[in-house]
Amino acid sequence: MAYTEKFQSLADAARAKVDEVAPADVAALIADGAIALDIRDPDEHAKDHIPGSLNISRGKLEMNVEEALPDLDRVILCYCNANNRGALSAASLRDMGYTNARFIGGGLNARRILPA
């Protein structure tokens with residue numbers, strides 16, 4: 001998908017602010033207590049998602065996250081289909097005080113290609 005230069009610049013700045021998690025490391029992090037946070041829209045989540053993930057769409061993230069995830073120190077693995085919305089979400093969560101907000105590199109698309 002082609003993005004505008006301004007949007008991509010914003011997403012790139014967000015990626016520089018937060019840690020990227022390799023898709024192969026997600027299962028172990030979740031087993032250790034991390035939460036996978038699907039920030040895609042509900043219709044996208046309904047089609048496919050990481051099992052057990054929480055869905056709060058990007059458009060409502062800042063309004064709804066504190067009630068759903070009150071622990072500011074919990075590891076949160078934001079993801080979308082690729083990188084941009086996940087990185088933007090993780091950066092926003094960091095700005096809100098979530099110290100361990102990260103994003104899954106390559107998003108759900110990258111998780112799909114991992115061996116079972």
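Since the structure is predicted, the reported quantities are computational estimates derived from the model, not experimental observations. Numbers here simply count residues along the sequence, with the first being 1. As a basis for the values below, the full set of heavy atoms in this structure was taken, side chains included, without hydrogen atoms, waters or symmetry mates.
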- prompt: Atom CG in Leu61, atom CE in Met96: separation rounded to 0.5 Å?
  reply: 7.0 Å
message: side-chain contact (heavy atoms from CB on, under 4.5 Å) for Asn84 and Arg58? Distances and angles first, verdict last.
response: CA-CA 11 Å; Asn84 292 331; Arg58 175 77 187 107; over 6 Å; no
Heavy-atom closest contact (Ile30 atom, Ala36 atom, distance): CD1-CB, 4.0 Å
Closest contact, heavy atoms only, Tyr98 versus Glu66: OH-CA, 3.4 Å
field: Euclidean distance, Ser57 OG relative to Asp41 CG, rounded to 0.5 Å
entry: 5.5 Å
- request: To the nearest 0.5 Å, tell me how far Glu62 CD sits from Ile56 CD1.
  value: 10.0 Å
- prompt: Are the side chains of Val26 and Tyr79 in touch, meaning some heavy atoms are under 4.5 Å apart?
  reply: no
message: If hydrophobic clusters are built by linking Ile, Leu, Val, Met, Phe, Trp and Tyr wherever their side-chain heavy atoms come under 4.5 Å apart, do Ile104 and Ile76 end up in the same one?
response: no
query: Okay, side chain of Arg94, backbone of Ala101: is any donor-acceptor separation there less than 3.5 Å?
result: yes
Under-4.0 Å salt bridge between Arg85 and Glu44: yes
query: What are the two closest heavy atoms between Cys80 and Ile39, and how far apart are they?
result: CB-CD1, 3.8 Å
query: Counting N and O atoms only, with roles assigned by atom type, does the side chain of Asn109 sit under 3.5 Å from a partner on the main chain of Asn81, one being a donor and the other an acceptor?
result: yes
message: Can you confirm whether Phe7 sits close enough to Leu88 that some side-chain heavy atom of one is under 4.5 Å from a side-chain heavy atom of the other?
response: yes
- prompt: Roughly how far, to the nearest 0.5 Å, is the CD1 atom of Ile35 from the CG atom of Leu29?
  reply: 12.5 Å
message: How close do Ala90 and Arg102 get, counting heavy atoms only, and between which atoms?
response: CB-O, 3.4 Å
query: Aromatic rings His49 and His45: how do their planes relate, parallel, tilted or perpendicular, breaks at 30° and 60°?
result: parallel
query: Is any side-chain heavy atom of Thr99 closer than 4.5 Å to a side-chain heavy atom of Leu72?
result: no
message: Looking at Asp73, is its backbone amide N or carbonyl O close enough to the side chain of Asn100 to form a donor-acceptor pair, meaning the two atoms are under 3.5 Å apart?
response: yes
message: Quick check on side chain to side chain contact (heavy atoms under 4.5 Å, CB included): which of Leu108, Leu37, Asp38 does Ile50 satisfy it with?
response: Leu108
field: Closest contact, heavy atoms only, Ala87 versus Val18
entry: O-CG2, 4.2 Å
- request: For residues Cys78 and Gly86, report the shortest heavy-atom separation together with the two atoms involved.
  value: CB-O, 3.5 Å
